[in-house]
Amino acid sequence: MFADRARIIIQSGKGGNGHISFRREKFVPAGGPDGGDGGRGGDIIFEVSDKLNNLSDFRMRRKFAATNGEEGGKKRQHGKDGQDLVLKVPAGTIIKEAETGQVICDMSGDNRRVVLLKGGKGGLGNMHFATSTMQAPKYAKPGGDAKSLEVILELKLLADVGLVGYPNAGKSTLLSRLSNAKPEIADYPFTTLNPILGVVDLPGGGSFVMADIPGIIEGASEGVGLGLEFLRHIERCKVLIHMVDISGVEREDPIEDIRAVNLELASYNQKLLDKPIIIACNKADTRPDDAEEIRQKVEDTFHRKTFLISAVTGEGVKELIGEVVRILDEYKDETNIYPSTFDPEEFFKKDDSFTVEVGSDGEYLVTGPKIEKMLGYTNLDSEKGFAFFQKFLKQQGILKKLEEMGIKDGDTVKVYNLEFEYYK
Ligand SMILES: Nc1nc2c(ncn2[C@@H]2O[C@H](COP(=O)(O)OP(=O)(O)OP(=O)(O)O)[C@@H](O)[C@H]2O)c(=O)[nH]1
Ligand SMILES: [Mg+2]
């Protein structure tokens with residue numbers, strides 16, 4: 001099964017508690033403290049595997065947890081560390097915080113391995129707490145908390161160039177001609193069912209990555225054909241090649257076909273049409289007499305650079321690739337890797353301090369560094385964002401504090417710029 005999206009819960013291990021014990025030796029009635037430290041909790045690590053090209057491993061299971069550290073033991077024994085859990089994903093997987101949709105990490109380019117959630121630290125055993133005045137400390141530190149986060153994994157292939165067009169236009173034929181990829185090619189629509197990448201080597205050295213995706217027809221945005229879900233794989237492309245069949249055998253009017261595909265692209269994401277798009281009129285070999293005439297008409301209609309090619313004979317392909325390379329060169333400094341906007345370490349940081357005061361109009365004023373940060377990256381206009389915020393208020397103990405201060409239904413709460421009425 002090809003899957004390019006999954007929603008999972010990840011959880012790091014809790015740190016083991018420090019141990020409380022005392023030395024027992026012959027002739028020493030009350031030995032000193034010898035409780036050992038707890039082991040650290042396992043981390044959740046994401047790692048790129050080049051053997052993977054989809055996320056199906058994450059469709060069967062929902063929760064992925066590293067193991068906890070063990071408690072320390074007597075005689076200064078260190079508790080066993082929890083085991084890290086390494087989750088393998090294909091290159092191009094974007095890990096997002098599920099509620100806010102913020103990007104935690106884009107597993108692309110140099111990001112091959114990332115510790116996403118750190119396990120809790122092991123607690124110190126009581127052997128550390130003996131002082132001159134406290135010879136027999138009955139105190140050890142608890143292990144650090146486990147951290148749990150719901151994340152969305154989304155695969156967006158990292159290709160420089162994307163091939164789009166009606167089914168049967170010859171997209172896969174072109175990819176197989178230019179690269180090492182071996183896509184299926186056949187004389188019927190929807191031969192390609194999943195995106196495929198190929199590396200196109202250039203004569204003067206250098207290369208680029210090209211993505212072949214399923215064909216698009218009218219109504220794809222409503223789910224006709226294979227739908228449009230797979231278009232996420234060309235969202236990062238710097239150039240699109242729009243291929244159209246001009247043979248007239250199956251489809252009559254290439255201009256109508258291009259229009260139909262454009263409409264679908266726009267309904268998925270208007271930005272796709274803002275990308276540089278080159279049109280390739282394919283199957284030129286089938287009508288030597290008027291192919292150029294058709295090319296000219298297409299160019300005049302869409303005002304995009306339009307090439308006449310044959311993916312089978314190779315005619316015109318060199319010129320087409322020349323234009324692709326020229327555009328890629330123009331955009332070479334642009335990264336297609338998504339920046340991280342959500343840092344789990346920051347999010348779970350124990351800076352839980354907050355203050356609740358009663359303002360002059362009887363409103364409750366809530367302030368604190370973590371809550372301020374939280375407001376910065378949460379879209380409260382969305383239902384999900386607001387639910388996330390409410391959960392946060394509860395988790396942080398802010399609701400409890402408000403209740404202790406005597407808040408009643410209908411009272412106003414002000415959190416920085418945000419103002420809302422409290423209802424239990
Ligand atoms: N004569 C001729 N036939 C071509 C050319 N390019 C592709 N074809 C044929 O057109 C048919 C469809 O080619 P594919 O490469 O599978 O088309 P596709 O655009 O990948 O189709 P989907 O995967 O269904 O979207 C095959 O039978 C190809 O042999 C060409 O330049 N000339
Ligand atoms: Mg194909």
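Order of appearance sets the numbers: ligands from 1, and atoms from 1 within every ligand. Quantities reported herein were computed from a predicted structural model and do not represent experimental measurements. If you read the sequence from its start, that first residue is 1, and numbering goes on from there.
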Quiz item: Hey, is Arg232 close enough to Glu235 for a salt bridge, meaning N to O under 4.0 Å?
Solution: no
Quiz item: Is any NZ, NE, NH1 or NH2 atom of the basic residue among Arg287 and Asp290 found under 4.0 Å from an Asp or Glu carboxylate oxygen of the other?
Solution: yes
Practice problem: Using a strict 4.0 Å cut-off to heavy atoms of Phe190, name the atoms of ligand 1 that fall inside it. | Solution: 24 (O)
Quiz item: Are Asp145 and Lys14 close enough for a salt bridge, meaning some N to O gap below 4.0 Å?
Solution: no
Self-check item: Distance filter under 4.0 Å to Tyr188 heavy atoms, resulting ligand 1 atoms
Solution: 24 (O)
Self-check item: Option nearest atom 13 (O) of ligand 1 (shortest heavy-atom distance, choices Thr173, Leu193, Ile196, Val164)
Solution: Thr173
Quiz prompt | Candidate with minimal heavy-atom separation from atom 20 (O) of ligand 1, of Ser172, Gly215, Ser310 | solution = Ser172
Quiz item: With the threshold set at 4.0 Å, does a side-chain nitrogen-carboxylate oxygen contact exist between Lys424 and Asp409?
Solution: no
Practice problem: Taking only Lys NZ, Arg NE, NH1 and NH2, and the carboxylate oxygens of Asp or Glu, determine whether Glu292 and Arg295 approach each other closer than 4.0 Å. | Solution: yes
Practice problem: Flag the pair Lys118 and Glu345 as a salt bridge only when some basic side-chain nitrogen lies within less than 4.0 angstrom of an acidic carboxylate oxygen. | Solution: no
Exercise. Could you tell me whether the Mg ion (ligand 2) has an N, O or S atom of Thr192 under 2.8 Å away?
Key: yes
Self-check item: atom 25 (O) of ligand 1: the protein heavy-atom neighbour that sits closest, reported with distance to 0.1 Å
Solution: Lys171 NZ, 2.9 Å
Practice problem: May I ask you to identify the nearest protein heavy atom to atom 26 (C) of ligand 1, giving residue, atom name and distance to one decimal place in Å? | Solution: Ala186 O, 3.6 Å
Quiz item: Has Arg61 got its NZ or CZ under 6.0 Å from the middle of the six-membered ring of Phe58, at an angle within 45 degrees of the ring axis?
Solution: no
Self-check item: Minimum-distance protein heavy atom relative to atom 17 (O) of ligand 1
Solution: Gly170 N, 3.2 Å
Quiz item: Looking only at protein heavy atoms, which one is nearest to atom 29 (O) of ligand 1, and how far off is it?
Solution: Ile185 CG2, 4.1 Å
Exercise. Using a cut-off of strictly less than 2.8 Å, determine whether Asn168 has an N/O/S atom near the Mg ion (ligand 2).
Key: no
Exercise. State whether the shortest distance between N or O atoms of Ala311 and N or O atoms of ligand 1 falls below 3.5 angstrom.
Key: yes
Quiz item: Taking everything shown except Lys121 itself, do over 12 heavy atoms lie less than 6.0 Å from its NZ?
Solution: no
Practice problem: Could you tell me whether some N/O pair between Ile309 and ligand 1 is separated by less than 3.5 angstrom? | Solution: no
Quiz item: Judging by distance only, is a nitrogen or oxygen of Ile213 under 3.5 angstrom from one on ligand 1?
Solution: no
Practice problem: Would you indicate whether Lys80, at its atom NZ, is surrounded by more than 12 heavy atoms from other residues, nucleotides or ligands within a distance under 6.0 Å? | Solution: no
Practice problem: Would you please indicate yes or no on a ring centroid separation below 6.0 angstrom for Tyr422 and Tyr364? | Solution: no
Quiz prompt | Sub-3.5 Å N/O-N/O distance, Lys283 and ligand 1 | solution = yes
Self-check item: Region of Ala284 engaging ligand 1 - heavy atom pairs below 4.0 Å
Solution: neither
Practice problem: State whether Lys147 and Asp43 are salt-bridged, where the test is any N-O pair (Lys NZ or Arg NE/NH1/NH2 against Asp/Glu carboxylate O) under 4.0 Å. | Solution: no
Quiz item: Which atoms of ligand 1 sit under 4.0 Å from any heavy atom of Val312?
Solution: 2 (C), 3 (N), 4 (C), 5 (C), 6 (N), 30 (C), 31 (O), 32 (N)
Self-check item: Spatial distance of atom CG (Leu163) from atom CG (Leu175) [nearest 0.5 Å]
Solution: 6.5 Å
Quiz prompt | Gly165 near ligand 1 by a heavy-atom separation under 4.0 Å | solution = no
Quiz item: Which atoms of ligand 1 are found less than 4.0 Å from any heavy atom of Thr286?
Solution: 1 (N)
Practice problem: Out of Asp212, Asn168, Leu174, indicate the one that has the non-hydrogen atom closest to atom 22 (P) of ligand 1. | Solution: Asn168
Self-check item: Passing option when Ile44 is tested against Leu117, Val151, Leu149, Val114 for side chain to side chain contact (heavy atoms under 4.5 Å, CB included)
Solution: Leu117
Quiz item: Where does Asn282 meet ligand 1, judged by heavy-atom distances below 4.0 Å: at the side chain, the backbone, both, or neither?
Solution: side chain
Practice problem: Say whether Pro189, considering both its backbone and side-chain N or O atoms, lies within less than 3.5 Å of an N or O atom on ligand 1. | Solution: no
Exercise. Ignoring angles and geometry beyond distance, decide whether Pro167 reaches within less than 3.5 Å of ligand 1 through its nitrogen or oxygen atoms.
Key: no
Quiz item: Side chain or backbone of Asp285 under 4.0 Å from ligand 1, or both, or neither, by non-hydrogen atoms?
Solution: side chain
Quiz item: About how many Å separate CZ of Phe420 and CG of Asp411, when rounded to the nearest 0.5 Å?
Solution: 11.5 Å
